[in-house]
Amino acid sequence: MSSLPPLLSSEPSSTLSSVIKGPALLPIIQADTPHEAVAIAKALADGGVGSVEVVLRTRQALAAITAIRTALPDLLVGAGTVLSATDANACKAAGAQFLVSPASTAKLLEAMLASGLPFVPGVATPSEIAMAQEYGLREVKFFPAHLSGGIEMLKALSGVFQQMKFCPTGGIGQHNLAEFLALPNVFVAGGSWLTPASMVQTQQWSQITALAAAATAIARQIKTAA
Ligand code: 3PG
């Protein structure tokens, strides 16, 4: 019986876990202007955050990525809500250093692989994880984490997918961050709880810094102890 051809000629480049900077946190930045994005990113960095995900949910998201890269060169800046090859290419051109998607389709995985950037596709089921594995991936985003079974689901998946590491996102906050990060198959936790829209709208940058510092303390304690 002849063996199947490889799915792709390209191999996944470096993993997200190998490039992530700072504590095991991936806060989401959703900004209406590049100026606002830089202010949010600076507030997070002042709280100890080293990596951020700018979501493609505003018209200025790509410009925001470029602006943060320029203003805060020590921060690792990725793009989130990547849903097409067009998105992936535009994010790379804007300076994104990694890609995050809420979903997994063959087209999307191939587009993100072709970008050459580290990336995590979104999964919520065993079949989606198996597809990511078939593409050679060892890291995925578990989304929406809380609604998809949360901690208990990640524990159940750990026995079957022993090589796979997860970035849970969706429903994570200060109240459950420690529990998620304590799981051996979780390498980073993502979400919007460090950048509430209400604080962004009222420019409460020191409040965002305080939220980031509290999360950084938890992340450093858990992942350093692990
Ligand atoms: C995402 O974009 O990954 C999620 O919308 C984040 O979910 P959260 O707002 O519950 O953190």
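As the structure lists them, so they are numbered: ligands from 1, and atoms in each ligand from 1.
- Here is the list of ligand 1 atoms found below 4.0 Å of a heavy atom in G170: 7 (O), 8 (P), 10 (O).
- Taking each heavy atom of Q30 and E36 in turn, the nearest pair found is O-OE1, 4.3 Å.
- For P184 against K165, the heavy-atom pair with the smallest separation is O-NZ, 3.4 Å.
- Nearest non-hydrogen protein atom to atom 11 (O) of ligand 1 is S192 N, 2.8 Å.
- The shortest distance between side-chain heavy atoms of C91 and L62 falls below 4.5 Å.
- Shown in contact with T169 at under 4.0 Å from a heavy atom are these atoms of ligand 1, numbered in order with element: 1 (C), 3 (O), 4 (C), 6 (C).
- When every heavy atom of F161 is checked against every heavy atom of P126, the shortest pair comes out as CZ-O, 3.4 Å.
- Listed by atom number, the atoms of ligand 1 under 4.0 Å from G191 heavy atoms are 11 (O).
- With a 4.0 Å heavy-atom cut-off, ligand 1 is reached by the side chain of K141 but not by its N, CA, C or O.
- A donor-acceptor pair under 3.5 Å links the side-chain atoms of T195 to the main chain of I28, judged by distance alone.
- Near R57, meaning under 4.0 Å from any of its heavy atoms, are these atoms of ligand 1: 1 (C), 2 (O), 5 (O).
- Using 4.0 Å as the threshold, V55 has no heavy atom nearer than that to any atom of ligand 1.
- Using a 4.0 Å cut-off to heavy atoms of G171, the atoms of ligand 1 that qualify are 8 (P), 10 (O).
- Criterion: ILVMFWY side-chain heavy atoms under 4.5 Å apart, direct or through other members. Under it, L183 and V123 are part of a common hydrophobic cluster.
- Of all the heavy atoms of T81, none lies under 4.0 Å from any atom of ligand 1, so neither backbone nor side chain is involved.
- When hydrogens are left out, the protein atom nearest atom 4 (C) of ligand 1 is F143 CE1, 3.5 Å; that is the closest non-hydrogen contact.
- Residue Q204 places its CD atom among more than 12 non-hydrogen atoms of other residues, nucleotides or ligands, all under 6.0 Å distant.
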